[in-house]
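Here the structure is laid out as structure tokens; the discussion comes afterwards.
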Amino acid sequence: MATVEAPASDAKNAPVETYDAIIIGAGMTGIGQLYHLRSQGLNVRLLERGGGVGGTWYWHRYPGCCFDSESETYAFGFSKELAEEWDWSEHFEAQPNTERYINYAVDKFGLREHIQLNAQVDAATWLEDDNVWELELSDGARLRARFVVAALGILSAAAHYIPDFEGLEDFKGEWLHPANWPHEPIDFAGKRVGVIGTGSTGVQITEQLAKVAGQLHVFQRTPTYIGPLHNGPVSAETQREWKDGYEELMEFCRNTPAGFRYVPDMRPTMSVSKEERWAFYERLWQRPGFEKWLANFFDVTLDAEANADFAEFFRGKIRERIHDPELAEKLVPSPDLPFGSRRIPLETSYYDAFNRDNVSLVDLRETSIERFTENGILTSDGEVELDFVIFATGYDSFTGGFDQIDIRGVGGRLLREKWQEEGIGTYLGLTVAGFPNFFTQVPRAFCNFPRCSEVIVDWVSALIARMNERGLTRFEATQQAHDDWVEHERSFSSGQLFASQDSWFNGGNIPGKAKGFLLYAQSLPGYRTELHEALDADFRGFEIR
Ligand code: NA7
């Protein structure tokens, strides 16, 4: 498990090491990219700010953290041998095993020696005269590379969001964000805990802490559609089926609109009788994961009437779970909130938690948080005394990770300033005009992220391979191609219900952040085709030399 780490005191004076490519971030994308670029014979270094590999699955160690994609479809897609050797224990694997899986893959493919941990990149500067990037780490060390692949994650742990609550510094208890969870277990038994936020993370934490906390207070701002996960152990028979059918399954997922193992029903919702529709919904409800969203009628997130129909079914299902009808109404989403306008959290015992005596809901639509106090949170209804507060309040998506590094392109222009001045934009999701040989390597298609991740990893690998074959050393997206792509992405999401509400999908979850749909609403196969068409058309949209 040896890893390259320069002693801090020597780092500043150490000679500048030069690589063909530097990857930033050891999540699924960064590791997949390292594997592929190494396979092409490139000299590559991967820099990771954490003390271990895994990205999301390294940082997020909170109780209940697990996949909401099916385990067998979340995996790396490039090695049948890896799939044969690895056993998933649950249909939606929990964080500790996923972190183990990623470590297993890193060791199996001999990648560890190319990964530098605890390596926080503070700055990346394009040196035009030398045609290279120079990166500076927080310990002063400098490295150079022709290509930089910034695989920072769409929901980077480094860009976790904590609202600016008054008086937090006065609070004498402990507060945490799930992205920064300690490695040592925390004993919540009998403790008074507040969870702020009811997205996927708040839901997973609530389920676990409800079982142990003395009193759990869940602060909910917006009730949303939270569907059944239907998790369970993987039988030996299913395990065998996954291994035997690995290649077919990967190929199938690659060709579905959203990279999962299911496809939408292409009948318009309202062309089906109510009786048949609701029987269909009921069948979906019994199915695991996102099927109720992505295997639903295709127009459920496009057509308001279709959406309202399924949303009504969904609200009925939530009501059935809560014993107290008044409380149930507080947990049921408003008919004004379209189903699917946010990534739907998935649950096992979330709604049941509210039937317990030790769990209470603070409905922030009627009770506001005034400020933190020494002992807890002062609300408009009085003080809630707490030992722990957990901010399950989300992330500054897509741009947050990039904003934390001084990325200077042609003429020293900062990437974050370009995005502030011109609006957030890329060419093909992966490159930015004015930032040669730099990849914003974040899966942004509206899909199962590992499947989108492999699409962008393959494309970046192909682009670099073609440049090397032709003896090219510099590519840069033209401003025209960049602007056209921004417009193209915008036209894909305009009018879609899922882009209509504030969430991390569109930056609306961060006060003051410029809003724009940050995912790309294209299908996964459609996106892959667009990427490769640009490359095959002699690097269309790029200036190359
Ligand atoms: P999300 O989905 O962005 O959820 C954040 C939650 O925090 C959400 O319920 C927010 O309420 C709530 N929030 C944010 N700011 C506040 C303030 N100021 N006061 C009260 N509540 C607040 O983040 P997650 O970490 O749960 O999930 C992110 C993704 O990770 C998820 O989609 C999966 O892909 C994995 P709101 O609903 O905005 O009213």
Side-chain angles (χ1 to χ4, degrees), residues 27-28 55-57 59-60 62 64-69 74 92 95 98 153-157 159-166 168 176-181 194-207 217-227 229 258-260 289-290 293 330-331 333-334 336-338 340-347 350 361-372 377 379-380 384 389-398 400 442-450 452 498 501-513 515 518-519:
M28 292 284 284
T56 284
W57 306 108
W59 293 104
H60 292 84
Y62 62 83
C65 182
C66 74
F67 287 157
D68 51 14
S69 301
Y74 196 95
F92 297 89
Q95 177 270 336
T98 305
I154 193 157
L155 296 159
S156 165
H160 62 272
Y161 166 62
I162 296 176
D164 193 12
F165 288 118
E166 202 187 321
L168 182 56
L176 308 126
H177 191 289
N180 252 340
W181 207 265
V195 175
I196 305 179
T198 55
S200 306
T201 309
V203 166
Q204 292 181 339
I205 290 176
T206 295
E207 288 187 347
H217 303 269
V218 180
F219 294 78
Q220 169 197 265
R221 193 166 65 176
T222 312
T224 56
Y225 300 92
I226 302 169
L229 177 65
F260 285 90
F290 287 135
W293 186 10
K330 295 181 181 181
L331 288 160
S334 151
D336 296 337
L337 184 75
S341 55
R342 287 138 179 247
R343 184 159 166 136
I344 64 164
L346 296 169
E347 60 92 38
Y350 178 70
L361 181 77
V362 182
D363 183 348
L364 295 174
R365 292 168 302 174
E366 51 190 44
T367 305
S368 56
I369 295 178
E370 306 285 308
R371 56 167 291 136
F372 274 70
I377 296 178
T379 73
S380 52
V384 181
V389 172
I390 297 163
F391 289 102
T393 40
Y395 300 82
D396 183 354
S397 59
F398 178 48
V442 170
R444 287 173 58 229
F446 199 73
C447 82
N448 191 4
F449 284 141
C452 181
F498 51 69
Q501 302 287 316
D502 283 355
S503 75
W504 67 260
F505 285 177
N506 63 6
N509 63 326
I510 303 295
K513 182 166 177 169
K515 270 196 235 172
L518 298 171
L519 292 175

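Start at 1 and go down the list; that is how both ligands and their atoms are numbered.
- Between H60 and Y395, the ring center distance clears the sub-6.0 Å criterion.
- Within the 3.5 Å criterion, the main-chain N or O of L337 finds no donor-acceptor partner in the side chain of Q501.
- In this structure, NE2 in H177 is found 11.0 Å from CD1 in I390, a value given to the nearest 0.5 Å.
- Sorted by chain then number, the residues whose non-hydrogen atoms approach ligand 1 to under 4.0 Å are L155, Y161, P163, F165, I196, G197, T198, G199, S200, T201, R221, T222, R342, R343, L364, A392, T393, G394, Y395, W504.
- For the atom pair L519 CG and F449 CZ, the distance stands at 5.5 Å (nearest 0.5 Å).
- Within the model, atoms OG1 of T201 and CH2 of W181 stand 10.5 Å from one another, a figure rounded to the nearest 0.5 Å.
- Listed by chain and number, the residues in a side chain to side chain contact (heavy atoms under 4.5 Å, CB included) with I510 are Y161, D396, K513 (sequence neighbours excluded).
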